[in-house]
Amino acid sequence: GGAGAGGAGAGGAGAGGSSGIMCTAGGGGSFPELDRSCTSPADCVLVDHTINCCGSAMRIAIRASEQQAFAAAEAICDAQYPACGCATQPTIAEDGARPPFGQESTIVAECTMGRCHSVVPNTFACGTAQCAPGQYCTTVHPGIPGGTPTYSCSDLPTGCSACACLGGSFGSCTCRDDGGRPVVDCFAP
């Protein structure tokens, strides 16, 4: 992860120049505070903020009047990332959900408590992850007592919404349908 969208918060300082903008492959960067105030979703626009040297993006929602300031800051940020030769990951929303690849248009801007933010509607919890419609949840349970499980979301094949269409070959994993969504549980030896 690089600078992320952490600096694209609810401040009012625009992106007046390169001063203070730092986007690095190792994280710890800084990005200008942009105005995210709103009274309705119509006050917000979606913009893509590069979050790592692979070119992966977080689609963030900002106040429409901040588009020019964002574009100037993002150009500086993009120029700072070295080409690191890794695959670009699907775009992520600010709510942590990552829609299936090619379905980034499902990310929408919302105005909640006077602040613009991006979300994928109708997500569901997968442990510490948020899965989007068209995905299934995988939980990997560690083989050591007291170990912490890991959670991930994976894209379902087109037209698939149940364990039966995932193929059935899960090795040390089992699939169960939970509330109309496939959930895969894997157990480490």
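Between atom SG of residue Cys173 and atom NE2 of residue His141 there is a gap of 9.0 Å, rounded to the nearest 0.5 Å. Interatomic distance, Tyr136 OH to Asp178 CG, rounded to the nearest 0.5 Å: 15.5 Å. One distance of note links SG of Cys44 with CD1 of Ile60; it measures 11.5 Å at 0.5 Å rounding. Here the OG atom belonging to Ser37 is positioned 7.5 Å from the CG atom belonging to Asp43, to the nearest 0.5 angstrom. Rounding to the nearest 0.5 Å places CG of Leu34 at 5.0 Å from CD of Glu66. The distance from the CG atom of Leu156 to the CG atom of Leu166 is 6.0 Å, given to the nearest 0.5 Å.
Nearest heavy atom pair, residue Arg181 against residue Asn122, reads NH2-O, 4.4 Å. Of all the heavy atoms in Arg63 and Val45, the pair that sits closest is O-CG2, 4.4 Å. Across every non-hydrogen atom of Ile51 and Met58, the tightest pair is CG2-CB, 3.8 Å. The heavy-atom pair separating Thr88 from Cys54 by the smallest distance is OG1-O, 2.7 Å. Pairing each heavy atom of Pro99 with each of Pro90, the nearest pair is O-CB, 4.0 Å. In this structure, Ala61 and Glu94 approach most closely via the heavy-atom pair N-OE1, 3.1 Å.
For the cysteines Cys153 and Cys126, the sulfur (SG) atoms lie at a distance of at least 2.5 angstrom from each other. Across the pair Cys116 and Cys38, the gap between the SG atoms, which is the quantity tested here, reaches or exceeds 2.5 Å. Distance check for Cys175 and Cys163: the SG atoms are under the 2.5 Å cut-off. Cys165 pairs with Cys160 as a disulfide, the SG atoms being under 2.5 Å apart.
The backbone N or O of Leu46 sits nowhere less than 3.5 Å from a side-chain atom of Arg59 that would complete a donor-acceptor pair. Gln135 places no side-chain N or O within donor-acceptor distance of the main-chain N or O of Ala97, the cut-off being under 3.5 Å. Put simply, the side chain of Asp155 gets close to the backbone of Phe101: a donor and an acceptor are under 3.5 Å apart.
Using a 4.5 Å heavy-atom threshold, the side chains of Val119 and Val108 count as touching. His117 is not listed as a side-chain neighbour of Asp95, based on a closest heavy-atom distance of 4.5 Å or more. Proximity of Thr128 to Pro149: side-chain heavy atoms (C-beta onward) are nowhere separated by under 4.5 Å.
Tested against Ser152, the residues Thr139, Val140, Thr138, Val184 include a single side-chain contact (heavy atoms from CB on, under 4.5 Å) partner, Thr138.
The aromatic rings of Phe70 and His49 sit perpendicular to each other, their planes meeting at more than 60°, with 30° as the lower class boundary.
More than 12 heavy atoms of other residues, nucleotides or ligands sit less than 6.0 Å from atom CZ of Phe187.
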